[in-house]
Amino acid sequence: MQLPKMPSFSLKGRTALIVGASSGIGTACAVALAEHGAKVTLAARRKDKLEILAHQMEKKEFEVKIIELDINDITKTSDTISKLETFDILVNSAGIAKHSASLDTVFHDFDVVMNTNLRGAYFLTQAVAKKLILARKKGSLINISSQMGLVGGQERAVY
């Protein structure tokens, strides 16, 4: 039996946009992609946290840029993406949770969660995909969701 050959994990020459990069999974994805050679653009609402992360990554000689981005604002997000380079990789790990029982959920909390976790994710991905198509490039579009979508949890009805 001949074992399959694994493809190269080198991302040299590739560009990656990591949304939700200011913490958690987004930070980990940004570092992992940079460690494999990708030029990374860190994006999130909290620019101060992005600046700290970028500084730490630059110390390791990673190529890093930052942009302040709130995917709740779909028009601004689309405009921002249209002005940036075409990314080979999108990792969207932006997400928000509002904790309440289903009978206590208010409209505002529902809208905030859905606008980030669903609507914003969809249109962010669309904006990046449009640029890839125009550039006739292949790419990887990754949206990260929570395991809570499968198992649920108390006071996480909206999430």
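Numbering starts at 1 and runs along the sequence shown.
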Measure the shortest side-chain to side-chain distance between Leu84 and Ile67 over non-hydrogen atoms and say whether it is less than 4.5 angstrom. yes
Determine whether Asp70 and Lys76 satisfy the following criterion, side chain to side chain contact (heavy atoms under 4.5 Å, CB included), listing intermediate values before the conclusion. CA-CA 8 Å; Asp70 181 354; Lys76 187 173 180 181; over 6 Å; no
Kindly say whether Ile96 contributes a backbone atom to a donor-acceptor pair with the side chain of Asn117 at under 3.5 angstrom? yes
Asp73 versus Thr75: any side-chain heavy-atom pair under 4.5 Å? yes
Are Ile144 and Leu124 linked, directly or through other ILVMFWY residues, by side chains that come within less than 4.5 angstrom of each other? no
Flag yes if more than 12 heavy atoms outside Glu51 fall under 6.0 Å of its CD atom; otherwise flag no. yes
Answer whether the closest heavy-atom distance between the side chains of Thr86 and Lys137 falls below 4.5 Å. yes
Derivation and outcome, salt bridge (charged side-chain N to carboxylate O under 4.0 Å, His left out), residues Glu85 and Lys65: CA-CA 12 Å; Glu85 63 193 297; Lys65 297 177 188 174; 3.1 Å; yes
For residues Gly26 and Ile18, report the shortest heavy-atom separation together with the two atoms involved. O-CG2, 3.4 Å
Reference residue Ile81; test side chain to side chain contact (heavy atoms under 4.5 Å, CB included); the match among Val19, Leu90, Val128: Val128
The test is side chain to side chain contact (heavy atoms under 4.5 Å, CB included); show your working for Phe87 and Thr41 and say whether it passes. CA-CA 9 Å; Phe87 294 101; Thr41 298; 3.4 Å; yes
With side chains defined as the heavy atoms from C-beta onward, is the minimum distance between Lys98 and Phe110 less than 4.5 Å? no
State the NZ-OG distance between Lys130 and Ser78, to the nearest 0.5 angstrom. 6.5 Å
How many angstroms lie between CG in Leu69 and OG1 in Thr80, if you round to the nearest 0.5 Å? 6.0 Å
Would you check if Lys60 and Gln56 make a side-chain contact, meaning some heavy-atom pair closer than 4.5 Å? no
Counting only N and O atoms by type, is there a donor-acceptor contact under 3.5 Å from the side chain of Thr15 to the main-chain atoms of Asp88? yes
Determine whether a donor-acceptor pair (N or O, by modelled atom type, separation under 3.5 Å) exists between the side chain of Asn115 and the backbone of Asp111. yes
Does His55 NE2 have over 12 foreign heavy atoms under 6.0 Å away? no
Are Leu53 and Lys49 close enough that some pair of their side-chain heavy atoms sits under 4.5 Å apart? no
